[in-house]
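Note sheet for the following structure.
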Amino acid sequence: MAIVTGSCRFGLWHVHVTWQDDLVYRVRFARDGIDGPVPEEILRYCAGRPADLASLRSIATEGESTNARIYRTVRAVPCGGTVTYGEVARVVGTAPRAVGAAMARNPTPIVVPCHRVVAKTGMGGFSPDVAIKEALLAMERRGNVCTPEKRGVNR
DNA sequence: CCGAATGGTACTC
DNA sequence: GAGTACCATTCGG
């Protein structure tokens, strides 16, 4: 299986994904869509249906670089929850600003849920548009997309 | 509220 | 490779 690229819709945006099997190389938001396949879990997530993003791997979390540790820490944040840049920094042993910079250059948003990392004083940023971050968080707070396993107890 | 400290990365020579 | 300019922060004065 070769590396492929495709896109799916999320609200007003299109999510472009470059991937192979369960390994995601690149995710980016764009205004236009392209033809091609997208991992099943990302399709479900973008559609607001239950999705298990943890079953996907990201190249961003490979290796022992500081950034890889930052991305792994962010990936551990539960669906619907948030942490601050400073909290992530303290876990990894780096500076809050380094976390912000790592998020800004996150090669695989969604798979590495960088939208769950917020500033201590407010929302923080997101590229290309902070509205995407707000929409993702709002969607997760609704609870429909969050992985089923931990939700069974609640209802 | 303004300004400095802070760790890393991308980009230039 | 070294040097430098960014960066989606934070905390103190």
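All figures in this text were calculated on a predicted structure; none of them were measured in a lab. Just so it is clear: chains get the letters A, B, ... in the order the sequence lines come, proteins before strands, and each one is counted from 1.
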### Task
Could you pick out which residue, A:R105 or A:V118, lies toward the 5' side of DNA chain C when each is mapped onto its nearest nucleotide?
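Counting from the 5' end, the first nearest nucleotide belongs to A:R105.
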Whole-Å gap separating [atom2] ([N]) and [atom1] ([X]):
X      : N     : atom1 : atom2 : result
A:M103 : B:dG8 : CE    : P     : 13 Å
A:K133 : C:dT9 : NZ    : P     : 9 Å
A:Y85  : B:dG8 : OH    : P     : 18 Å
A:R28  : C:dA8 : CZ    : P     : 18 Å
A:I70  : B:dT9 : CD1   : P     : 8 Å
A:K120 : C:dA8 : NZ    : C1'   : 17 Å
A:R90  : B:dG7 : CZ    : C1'   : 17 Å

[X], nearest nucleotide to its side chain (from [options]):
X      : options               : answer
A:T66  : B:dA10, C:dT10, B:dG8 : B:dG8
A:T94  : C:dC7, C:dA8, B:dG8   : B:dG8
A:F126 : C:dT9, C:dA8, B:dT9   : C:dA8
A:R97  : B:dT9, C:dA8, B:dG7   : B:dG7

Describe the nucleic acid contact of [X] in one word from base, sugar-phosphate, nothing, applying a heavy-atom distance below 4.0 Å.
X      : value
A:G124 : nothing
A:A104 : base
A:A98  : base
A:N106 : nothing

#### Entry: Residue matched to C:dA8 through Watson-Crick or wobble contacts both under 3.5 angstrom
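Partner of C:dA8: none found under 3.5 Å.
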### Query
Across all strands, who's sitting opposite B:dT6 as a Watson-Crick or G-U wobble pair, both distances under 3.5 Å?
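B:dT6 is paired with nothing.
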### Message
Using side-chain heavy atoms (C-beta onward) and a distance below 4.5 Å, is A:P78 in contact with A:R116?
### Response
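Contact flag for A:P78/A:R116 side chains = no.
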### Query
Where do A:V112 and A:S58 come nearest, in terms of heavy atoms and distance?
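Smallest heavy-atom distance, with atoms named: CG2-OG, 4.0 Å.
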### Task
Write out all pairs satisfying salt bridge (Lys or Arg N to Asp or Glu O under 4.0 Å) with one or both partners inside residues 21-35 of chain A, taking only residues at least two apart or from two chains.
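Only A:D22-A:R57 qualify under salt bridge (Lys or Arg N to Asp or Glu O under 4.0 Å).
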### Task
Check the side chains of A:E140 and A:Y45 for a donor-acceptor pair under 3.5 angstrom, ignoring hydrogens and angles.
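Side chains of A:Y45 and A:E140: pair found under 3.5 Å.
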### Task
Look at A:S127 and C:dA8 and indicate whether a side-chain polar atom (N or O) is within less than 4.0 Å of OP1 or OP2.
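No, A:S127 has no side-chain N/O under 4.0 Å of OP1/OP2 on C:dA8.
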### Query
Does a side-chain N-to-carboxylate-O contact under 4.0 Å join A:R141 and A:E134?
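A salt bridge is absent here (no side-chain N lies under 4.0 Å from a carboxylate O).
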